[in-house]
Amino acid sequence: MSEKFYITTPIYYVNAEPHLGHAYTTIVADVLNRFHILEGKETYFLTGTDEHGDKIVRAAEGAGEPAERYVDRMSQMFRDLWPKLGICNDDFIRTTEPRHKSVVKKILERVHEKGDIYFSDYEGLYCFGCERFYTERELVEGKCPDHLTEPTMISESNYFFRMSNYQDWLIDHIKRNPEFIRPERYKNEVLSFLKDPLEDLCISRPKSRLRWGITLPFDENYVTYVWFDALINYISALGYPEGELFRRFWPVAQHLVAKDILKPHGIYWPCMLKAADIEPYQHLNVHGYWNVDEGKMSKSLGNVVKPLELVDIYGLDAFRYFLLREMVFGLDSEFSEDALVARINADLANDLGNLVSRSLTMARKYFQRESVQPGKQVEIDEDLKRRALQLLGEYESNMEKLGFHKALIAIWDFIGHVNKYIVKTEPWVLAKKDRERLSSVMFNIIESIIEVSVLLWPFMPATSEKLQGILGLERKGGDLKLRNLGLWEGLRDVGKISKVPHLFPRVEVKKEAGVGEEEEEQKPEERRKEMVSFEEFQKLDLRVGVIKEAHNIPGSKKLVKLLVDIGEERVVVAGIAGYYSTEELVGKDVVIVANLMPVKLMGVESNGMVLAAEDDTGVHLLTPDARTAPGSKVR
Ligand code: ME8
């Protein structure tokens with residue numbers, strides 16, 4: 001029997017349209033799900049919508065619609081969005097569905113029968129935004145820390161869940177299962193919260209105040225608190241208690257949430273499960289926030305980023321790649337369109353785009369499957385194969401640990417090596433004089449591209465499938481498993497190679513300054529400068545150099561710091577960050593102005609200027625057309 005994997009996203013509130021944050025969590029869940037498919041596992045992926053509670057009632061009133069119609073319409077927006085973001089969820093649950101309501105009632109009955117639910121008078125400070133009571137201690141300057149509003153004093157009789165009964169068990173469980181809540185910072189946050197005695201959880205709302213919810217099975221006059229209702233979706237969707245899906249997938253359940261809902265998932269939910277005699281989930285994976293303009297995205301601030309608008313402009317795979325490459329899982333990230341464009345130009349148009357277009361165009365021209373028949377001797381490039389295997393290992397271990405950005409860095413590192421291999425082996429020269437060797441070289445290149453295409457599938461499914469389609473691979477997308485890689489035998493499936501489309505067009509960057517200096521956009525006739533004498537020209541010391549190191553400059557989107565060997569080592573700052581990745585710059589031959597007055601840019605002293613040409617397609621470094629010794633004079 002194959003191994004299993006079950007991943008969930010939060011079920012999103014339907015009081016507002018989906019935004020970048022919802023898109024990110026759901027895309028991460030999709031990436032994880034696809035990765036486990038590549039590992040050959042049987043997977044299940046659940047998302048959905050959270051539709052009860054005060055907040056929803058108020059949103060429906062605001063929209064002038066009955067709650068039923070409002071939640072149907074809003075939930076459909078989420079459901080419609082996911083396929084447009086390449087999301088392949090197996091189920092979509094709504095808390096207003098009968099299949100969910102009946103499980104909530106079952107759990108309530110069970111916990112009630114056990115004696116873990118009691119009725120009591122309560123007076124407390126209530127935040128309508130969070131839909132929960134706050135203790136004085138939790139408030140910041142008397143206000144709700146999330147909504148920054150003063151809570152309202154409410155006095156009423158309610159039902160309470162004896163969460164405090166499970167505090168010691170939970171502390172022990174977290175300590176014995178260090179990966180239960182991850183990354184570690186969030187585990188520590190929960191443990192630190194558990195240092196103080198847990199208060200029991202108020203799990204009901206009187207119908208006199210709120211009717212929009214699931215009626216308590218043991219008291220007609222109350223509805224269930226929205227969090228107690230919502231968390232149960234993770235098992236109701238699996239058909240708890242008898243469902244086949246529940247039996248198969250619950251033991252391997254993993255939740256994915258942002259840090260805003262750490263407490264309900266890290267504390268309430270495990271205690272609820274324990275009280276209902278259900279095994280706890282396996283992992284709670286917690287990520288940080290996407291911030292905009294240095295603050296959290298929020299409808300009231302008017303800084304909500306709409307995912308589909310970005311996808312329409314930049315394409316789905318570029319968007320998915322950016323989100324996963326840019327955010328370190330667990331930490332916050334600042335969203336900016338400039339950063340997205342820089343990634344598209346450097347990583348996708350340049351590195352991946354170049355590799356794909358040059359190799360597959362050559363493959364189409366020089367190579368078809370017949371060139372490498374099984375049994376025919378090919379010379380495997382051991383260095384490339386070793387790197388490919390190493391990549392496979394790094395990829396798997398990073399993906400398991402939610403280190404998505406590291407997995408992508410490892411793939412791009414490999415792409416850099418394959419690009420170098422092509423430059424070194426010069427297949428276009430071999431095509432004229434050594435067809436045998438050409439077969440071997442193309443074999444190594446195509447095997448590398450097959451590996452890249454498979455590893456990219458979770459992140460960029462359409463691109464991956466397009467690449468595999470060009471190669472005429474018989475098995476595509478998730479059909480190729482990780483265990484098929486590493487053997488370097490994917491070629492057995494390669495068919496007729498088709499025409500190579502342009503995968504990632506470079507995005508034009510408006511108003512970018514020229515290399516090394518700020519320059520206003522000028523009309524061509526204004527660009528022509530005044531004449532200089534030969535003597536004046538000779539004052540310039542132009543040298544050939546080779547880039548030894550390249551580093552991004554923190555806080556700058558445009559500048560990179562280069563260490564250039566021009567016979568001696570020079571630090572040069574260049575405005576090319578949006579056009580080249582640092583990995584790609586290392587090893588490049590360039591021409592520099594070696595006697596330019598030093599200048600400090602973003603705190604780094606630059607001792608020279610790298611020459612580059614700029615047109616509508618971007619900035620291109622000037623390079624001698626044959627290897628020239630570093631330090632050679634340019635005349
Ligand atoms: O909390 N950055 O629903 P919700 C990253 N219904 N992720 C973000 C984000 C941001 N700025 N903003 C939102 C609820 N998210 C409850 C959940 S589950 C049983 C009930 C994502 O619509 C992130 O996943 O407020 C966060 O946890 C979730 O949306 C909150 O969605």
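The first residue in the sequence is number 1, and the count goes up from there. Order of listing sets the numbers, starting from 1, for every ligand and every atom in it. All values derive from a computational prediction rather than experimental measurement. Every heavy atom of this structure was used, including side-chain atoms; hydrogens, water molecules and symmetry mates were not.
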Side-chain atoms of residues 273-283: list all donor-acceptor pairs with protein atoms under 3.5 Å, sequence neighbours left out, distances to 0.1 Å.
from, atom 1, to, atom 2, distance (Å)
D277, OD1, K114, NZ, 3.3
Y281, OH, H265, O, 2.7
H283, ND1, E179, O, 2.7

Quiz prompt | Polar atom proximity, D50 to ligand 1 (N or O, under 3.5 Å) | solution = yes

Quiz prompt | Residues E141, K143: salt bridge by 4.0 Å N-O rule | solution = no

Quiz prompt | Contact atoms of ligand 1, heavy-atom distance to Y234 under 4.0 Å | solution = 18 (S), 19 (C)

Self-check item: Atoms in ligand 1 with a heavy atom of T25 nearer than 4.0 Å
Solution: 21 (C), 23 (C), 24 (O)

Exercise. Specify the protein heavy atom at minimum distance from atom 29 (O) of ligand 1: its residue, its atom name, and the distance to 0.1 Å.
Key: H22 CD2, 3.4 Å

Quiz item: Does K187 make a cation-pi contact with F180, if we ask for NZ or CZ under 6.0 Å from the ring centre and within 45° of the axis?
Solution: no

Quiz item: Does P264 come within less than 4.0 angstrom of ligand 1, counting non-hydrogen atoms of the residue?
Solution: no

Quiz item: Within a radius of less than 6.0 Å around NZ of K207, do more than 12 heavy atoms belonging to other residues, nucleotides or ligands occur?
Solution: yes

Quiz prompt | Enumerated ligand 1 atoms positioned under 4.0 Å from heavy atoms of H287 | solution = 5 (C), 7 (N), 24 (O)

Exercise. For atom 27 (O) of ligand 1, find the nearest protein heavy atom and state the residue, atom name and distance (0.1 Å precision).
Key: D260 OD1, 2.9 Å

Exercise. State, to 0.1 Å, how close G478 and I37 come at their nearest heavy-atom pair, and which atoms those are.
Key: O-CG2, 4.1 Å

Quiz item: Any idea which part of Y24 is under 4.0 Å from ligand 1, heavy-atom wise: side chain, backbone, both or neither?
Solution: neither

Exercise. Using the six-membered ring wherever Trp is involved, compare the ring planes of Y321 and W412 and label them parallel, tilted or perpendicular (cut-offs 30° and 60°).
Key: tilted

Self-check item: Winner among G48, G21, A230, P10 once heavy atoms are compared against atom 8 (C) of ligand 1
Solution: G21

Self-check item: Close-contact set for ligand 1 against H265 heavy atoms, below 4.0 Å
Solution: 18 (S), 19 (C)

Quiz item: What orientation do F246 and Y240 show, parallel under 30°, tilted 30 to 60°, or perpendicular over 60°?
Solution: perpendicular

Quiz item: Does an N or O anywhere in I11 fall below 3.5 Å from an N or O of ligand 1?
Solution: yes

Practice problem: Kindly identify the option in G288, A16, S333 whose heavy atom sits closest to atom 5 (C) of ligand 1. | Solution: G288

Self-check item: From W290, W227, F78 - option closest to atom 10 (C) of ligand 1 by heavy atom
Solution: W290

